[in-house]
A.B. asks: 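What follows is a structure written as structure tokens; I'll ask about it next.
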Protein chains: 2
Amino acid sequence: MKPAETENGGTVPARRRLAPAERTPQILAAALEEFAERGYAGASMAAAAARAGVTKGLIYHYFPGKADLFKAVVRSCVQPVFNEAERLIAAFEGPKAELLRGLIELAYDRVATERRERILFKLILAEADRFPELAAFYNAEVLSRALALVGGVLRAGAASGEFRPAAAEAAGLAPVLMAPAIMASIWQMMLGEGRSPNLAAMRKAHVDLVLQGLVQARAPGQGAPAA
Amino acid sequence: MKPAETENGGTVPARRRLAPAERTPQILAAALEEFAERGYAGASMAAAAARAGVTKGLIYHYFPGKADLFKAVVRSCVQPVFNEAERLIAAFEGPKAELLRGLIELAYDRVATERRERILFKLILAEADRFPELAAFYNAEVLSRALALVGGVLRAGAASGEFRPAAAEAAGLAPVLMAPAIMASIWQMMLGEGRSPNLAAMRKAHVDLVLQGLVQARAPGQGAPAA
DNA sequence: TCAGCTATTGACCAATCGGTCGATAAGCAA
DNA sequence: TTGCTTATCGACCGATTGGTCAATAGCTGA
């Protein structure tokens with residue numbers, strides 16, 4: 001075990017000393033992989049250290065314990081997700097329906113490419129009851145933020161008359177709109193890309209259903225006569 | 001630890017001998033709780049045994065090892081889920097839209113009540129890559145079956161002209177229709193009943209969106225332009 | 001009543017884990 | 001070059017785990 005054969009390709013001399021600002025992200029990345037593969041309880045500190053090319057003792061030099069390392073891993077992963085969506089919404093001008101389509105398609109495309117976020121979601125879900133603060137963190141930093149974004153678009157569209165008035169009740173509708181993309185991600189994770197429901201087909205059906213179901217009929221006054 | 005104080009309320013004499021047909025489900029139920037609370041790796045055989053009011057050794061008398069116990073737990077839980085839906089579909093006569101609404105509402109109501117199925121889904125998701133056969137089992141026995149049920153309704157509705165023709169492309173649409181109810185279940189599990197998106201609101205918005213998005217406009221010839 | 005089958009126990013083992021700590025050496029400042 | 005700081009190692013510990021097995025005792029049929 002003299003040459004580090006973990007992920008740095010070469011034959012780095014063992015015991016290279018690095019600045020904490022450089023070693024810490026190495027450890028976090030290695031720990032993410034370890035936690036993702038074995039789950040919280042199954043993950044081994046020694047194995048995580050080995051993935052980072054260091055020894056277990058060093059991890060305890062940077063993190064007080066396993067639980068703290070886990071939380072640090074989660075926190076280090078959630079930041080960049082929303083920037084894209086928020087920029088898209090802020091910069092968009094045009095029909096709200098097109099904005100909504102863009103958001104949905106963005107979500108599916110991220111699912112298709114970004115693997116780390118899928119893994120992270122699984123981790124949070126699996127360990128939520130053992131780390132209540134983690135569930136609270138997910139709720140505040142991820143779910144609520146996403147719901148607010150989608151809800152804002154829905155209400156704007158309803159206010160402008162472009163969407164049916166029911167779209168304004170975003171409390172129920174926003175999660176319904178987001179769910180299929182998230183489930184697509186989960187299925188990909190569980191079943192692999194081969195056996196999961198087809199991503200492109202879901203994306204198309206999803207956009208289609210949402211636009212047909214939300215956009216106000218062009219000829220007003222003949223909507224749902226109901227009973 | 002003389003009187004068993006686990007879940008049988010009374011002061012049963014220690015070491016009661018039971019027929020395997022009676023003890024096995026006890027062990028399976030106890031193991032489900034243990035796995036659900038601590039995850040696969042975190043669960044302890046001794047703790048699962050204690051929950052069942054027996055000792056670890058007895059579990060190894062009934063199951064070859066931890067992995068086998070886990071698989072047996074999963075298998076023992078998935079059977080009764082589909083009977084209800086299949087009965088509903090078979091017995092139903094009337095507009096396909098009403099059948100679809102009934103299925104969606106059934107799904108949400110199960111989410112609200114059945115706790116074991118939520119737990120089970122979480123377990124399968126969390127341990128899918130460690131037990132590939134488990135993912136395959138979920139795919140074959142749960143997801144595919146559910147997709148086939150929903151897809152059948154969609155195609156029937158499209159064939160009868162009640163749904164828009166796009167409904168026939170069930171490969172993408174069926175998972176999109178099922179996803180919100182499943183996500184509702186997952187959110188309930190992660191965040192508790194308090195902080196999750198409101199179940200009743202989601203149910204209403206979901207039904208509303210689906211029916212508006214799928215049902216063929218009543219006046220023909222002016223719905224989808226471009227034949 | 002009694003003998004036999006087997007459900008059930010409890011003690012045991014090797015392996016592994018999270019965590020601790022003194023020793024070591026890599027880098028930097030002087 | 002020298003010396004100090006501290007990143008890094010590796011050996012170690014107590015606790016717990018999955019798994020084994022011989023001994024025991026509850027039930028049932030004769």
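Convention: sequence-line order gives letters A, B, ...; per-chain numbering from 1.
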A.B. asks: Looking at A/R101 and A/V207, would you say the former's side chain and the latter's main chain have a donor-acceptor pair under 3.5 Å?
C.D. replies: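 Pair absent, no side-chain N/O of A/R101 close to backbone of A/V207.
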A.B. asks: Check the distance between C/dC21's P and A/Y60's OH and give it to me in whole angstrom.
C.D. replies: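 My rounded result for the distance is 13 Å.
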A.B. asks: Is any side-chain nitrogen or oxygen of B/R17 closer than 4.0 Å to OP1 or OP2 of D/dA25?
C.D. replies: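 B/R17 to D/dA25 OP1/OP2: no side-chain N or O under 4.0 Å.
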A.B. asks: Should the side chain of B/K56 and the base of C/dG10 be counted as holding a donor-acceptor pair, with the cut-off at 3.5 Å?
C.D. replies: no
A.B. asks: Can you check the A/I59 CD1 to D/dG10 P distance for me, whole Å?
C.D. replies: 15 Å
A.B. asks: So, does A/T24 use its side chain to make a donor-acceptor pair with the main chain of A/A21 at under 3.5 Å?
C.D. replies: no
A.B. asks: Check whether any side-chain nitrogen or oxygen of B/R23 sits under 4.0 Å from OP1 or OP2 of C/dT8, and answer yes or no.
C.D. replies: yes
A.B. asks: Would you mind listing every ring-ring contact (aromatic ring centres under 6.0 Å, His included) that reaches into residues 176-198 of chain A, with sequence neighbours excluded?
C.D. replies: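 Checked against ring-ring contact (aromatic ring centres under 6.0 Å, His included) - neighbours excluded - no pair reaches residues 176-198 of chain A.
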A.B. asks: It should be established whether A/H61 places a side-chain nitrogen or oxygen under 4.0 Å from OP1 or OP2 of nucleotide D/dT8.
C.D. replies: no
A.B. asks: Would you give the length of the straight line joining atom CG of B/L32 to atom CG of B/L69, rounded to the nearest 0.5 angstrom?
C.D. replies: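 Between atom CG of B/L32 and atom CG of B/L69 there are 10.0 Å.
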A.B. asks: Where each residue is assigned the nucleotide of DNA chain C containing its nearest heavy atom, which of A/G57 and A/Y40 is assigned the position nearer the 5′ end?
C.D. replies: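 It is A/Y40, whose closest nucleotide lies nearer the 5' terminus.
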A.B. asks: Pick base, sugar-phosphate or nothing for B/A43, based on heavy-atom distances below 4.0 Å to the nucleic acid.
C.D. replies: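 B/A43: backbone/sugar contact only, no base atoms under 4.0 Å.
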A.B. asks: Please report the end-to-end axis angle for the helix from C/dT1-D/dA30 to C/dA30-D/dT1, five pairs per end, rounded to 10 degrees.
C.D. replies: 10°
A.B. asks: In whole angstroms, how far is the P atom of D/dT6 from the OH atom of A/Y62?
C.D. replies: 12 Å
A.B. asks: A/T55 has a side chain; which of C/dA7, C/dG19, D/dG10 sits nearest to it?
C.D. replies: D/dG10
A.B. asks: Given side chains that start at C-beta, do those of A/I186 and B/I186 come closer than 4.5 Å, heavy atoms only?
C.D. replies: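 Side-chain contact under 4.5 Å: yes.
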A.B. asks: With a 3.5 Å distance limit and no angle check, can you tell me whether B/E34 reaches the backbone of B/M45 through a side-chain donor-acceptor pair?
C.D. replies: no
A.B. asks: Rounded to the nearest Å, what distance is computed from the CG atom of residue A/D68 to the P atom of nucleotide C/dG18?
C.D. replies: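 Answer to the nearest Å: 13 Å.
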A.B. asks: To the nearest Å, give me how far apart CZ (A/R16) and P (D/dC9) are.
C.D. replies: 12 Å
A.B. asks: What is the distance, to the nearest angstrom, from the CZ atom on A/F63 to the C1' atom on C/dG18?
C.D. replies: 16 Å
A.B. asks: Tell me the interatomic distance from A/F70, atom CZ, to C/dG19, atom P, rounded to whole angstroms.
C.D. replies: 14 Å
A.B. asks: Assuming nearest nucleotide by heavy-atom distance, tell me which of B/L18 and B/A46 is located more 5' along DNA chain D.
C.D. replies: B/A46
A.B. asks: Could you tell me the separation between the CD1 atom of A/I27 and the C1' atom of D/dA7, rounded to a whole number of Å?
C.D. replies: 10 Å
A.B. asks: Would you say NZ of A/K204 has more than 12 non-hydrogen atoms from neighbouring residues, nucleotides or ligands within 6.0 angstrom?
C.D. replies: no
